[in-house]
There are 2 protein chains.
Amino acid sequence: MSKTKELSLKEQIIEAARQVLLSEGYRNFSLRKIAREIDVSATSIYLHFENKDDLIHTLMEQAIERLNDQLQQVAAEADGPIAKLEAVAYEYIRFALKNQREYQIIHLTSSDEMTRYPKEKFRKARKGYEIISSVLQEGVNADLIAEDKPRMAAYTFWAQLHGVMSVVLSKRLDTRIDQQEFIDEAIEHIIDGYKVRTALQTNNK
Amino acid sequence: MSKTKELSLKEQIIEAARQVLLSEGYRNFSLRKIAREIDVSATSIYLHFENKDDLIHTLMEQAIERLNDQLQQVAAEADGPIAKLEAVAYEYIRFALKNQREYQIIHLTSSDEMTRYPKEKFRKARKGYEIISSVLQEGVNADLIAEDKPRMAAYTFWAQLHGVMSVVLSKRLDTRIDQQEFIDEAIEHIIDGYKVRTALQTNNK
DNA sequence: TACATAAGTTAACACTGTTAACCTGTACGC
DNA sequence: GCGTACAGGTTAACAGTGTTAACTTATGTA
């Protein structure tokens, strides 16, 4: 009977976890703090999650899903392959800037800082690549993109985007470099790297 | 008198810290473990470093320095701007692959996972950008690179490289995607994004 | 009524970074 | 030679962490 009326404890934990993450950051993200937030003992979390990493993976999964949904949407709305690529790139950046801490945990899987992201969950993450991959294929069909391996290219494209975002978030940019300008320039360079190399499509003048 | 004969405690700490990092990973990197390694009390570390982050920053600084030295060397050895860019990119990847855990702490500064990298130390890190920046400028002068803001471009270039490396290290690549091929493709796309857009330089027949 | 099971609890373990208080030898002024 | 300042170390303690084991308590079923 407590199915729809109130959140299950598992859902409460996830919600509290996200809130703690957003307000305190990953560094101060602790199970006891989450438990305190919803007035429950810390060990109760273990009834619903294998361990801390498992809980974080769940947050990650949700964030990835939201990101992918956004990307799919802007890709569908934009007109033409190049515009779609641009839209996806900018949406990726927008999402990461708006959800910095969630974006960061997405990329925490790397390194030995955490247990590796489980394979089953990895499938969902792959959706983002498929979106980019099909946009690239569209571009190839329209003779705008030069690429014989769209799946591979989707991965490299994604990696480049992440790199840009990573530098922005690390706040390591030279003070003489404007953030927005950096983003604009980077995206332009990235996309240029996939365009066919003839003067035909370059609409600069 | 103990100046040259033996390592100072500070140096011993740094050395032990690196060893712990390399063998245990950042996740199991603890001050007490380092202290145990050199038979000293954990609190002694505080006599030589402000705190854990400060010690890590020191490791980071050294790693960055080594990386920059390598980049400078290969840039000097390569012939022509495009070849230099390629050499730098591949050396960056090679270094990161060979020194994964050290590379990872370099990019831990980001996020709130750690105190921000102090400004004074940031200056040294900037050297890497200068190397790329000057190679790019060389390319512009030779009409091979289209870029009016070499410093900005150095940052975008660097960011993309890091993104590629980050994806490789996260082991998140689709199993159908070969790592080396991914790296090759990515570097090609990155560099293509900076080349002038005429058929002149494309030496693909 | 008895019992199994689900969902929670408390207590404890082995860690962690960090601080405060204490010790101990060496250098130096008198 | 004596007192003192101080650099460089120590131990003890605090407040926090993830995680496990053992215990409780309610609920549904045979």
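Below, chains carry the letters A, B, ... as their sequence lines are ordered, and counting in each starts from 1.
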Measure the distance from [atom1] on [X] to [atom2] on [N] and round it to the nearest whole Å.
| X | N | atom1 | atom2 | result |
| --- | --- | --- | --- | --- |
| A:K52 | D:dG16 | NZ | C1' | 12 Å |
| A:R32 | D:dG18 | CZ | P | 7 Å |
| B:L31 | D:dT11 | CG | C1' | 17 Å |
| B:L9 | D:dT10 | CG | C1' | 13 Å |
| B:Y46 | D:dC14 | OH | P | 17 Å |
| B:I13 | D:dG8 | CD1 | P | 12 Å |

Centroid-centroid under 6.0 Å between B:Y103 and B:F95 rings |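 They do not qualify: ring centres at least 6.0 Å apart.
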
ring-ring contact (aromatic ring centres under 6.0 Å, His included) with A:Y194: which residues, sequence neighbours excluded?
->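 Partners of A:Y194 under the ring-ring contact (aromatic ring centres under 6.0 Å, His included) test: A:F157, B:H189.
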
Which two nucleotides bound the region of DNA chain C that has atoms under 4.0 Å from heavy atoms of chain B, read 5' to 3'?
->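 Contacts span C:dT16 to C:dT19, reading 5' to 3'.
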
Classify the nucleic acid contact of [X] as base, sugar-phosphate or nothing, counting any heavy atom under 4.0 Å across all strands shown.
| X | answer |
| --- | --- |
| B:F49 | nothing |
| B:L47 | base |
| B:S30 | sugar-phosphate |

Within less than 4.0 Å of OP1 or OP2 of D:dG9, is there a side-chain N or O belonging to B:H48?
->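 B:H48 to D:dG9 OP1/OP2: side-chain N or O found under 4.0 Å.
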
Can a donor-acceptor pair be found between the side chains of A:N68 and A:Y129 at a distance below 3.5 Å?
->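 No - no donor-acceptor pair under 3.5 Å links their side chains.
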
Are A:Q73 and A:D69 close enough that a side-chain donor and a side-chain acceptor fall under 3.5 Å?
->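 The criterion, which ignores hydrogens and geometry beyond distance, is not satisfied for A:D69 and A:Q73.
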
Which residues, if any, of residues 34-41 of chain B bring a heavy atom under 4.0 Å of DNA chain C?
->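 Listed by number, they are B:R36.
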
Pairing residues for A:E86 by the side chain to side chain donor-acceptor pair (under 3.5 Å) criterion, not counting sequence neighbours |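 Partners of A:E86 under the side chain to side chain donor-acceptor pair (under 3.5 Å) test: none.
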
ring-ring contact (aromatic ring centres under 6.0 Å, His included) contacts touching residues 164-184 of chain B (sequence neighbours left out) =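 Of all non-adjacent pairs touching residues 164-184 of chain B, none passes ring-ring contact (aromatic ring centres under 6.0 Å, His included).
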
Gap between atom [atom2] of [Y] and atom [atom1] of [X] - 0.5 Å precision:
| X | Y | atom1 | atom2 | value |
| --- | --- | --- | --- | --- |
| A:E11 | A:I13 | CD | CD1 | 10.5 Å |
| B:Y155 | A:R176 | OH | CZ | 7.0 Å |
| B:S134 | B:N141 | OG | CG | 10.5 Å |

Looking at side-chain heavy atoms only, is the closest gap between A:I64 and A:K124 below 4.5 Å?
->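 Not touching, per the 4.5 Å side-chain cut-off.
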
Could you list the protein-to-nucleotides 21-23 of chain D atom pairs, N/O on both sides, closer than 3.5 Å?
none

For atom CG of A:D148, is the number of surrounding heavy atoms from other residues, nucleotides or ligands below 6.0 Å larger than 12?
->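 Yes, because the 6.0 Å sphere around CG of A:D148 holds more than 12 heavy atoms from other groups.
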
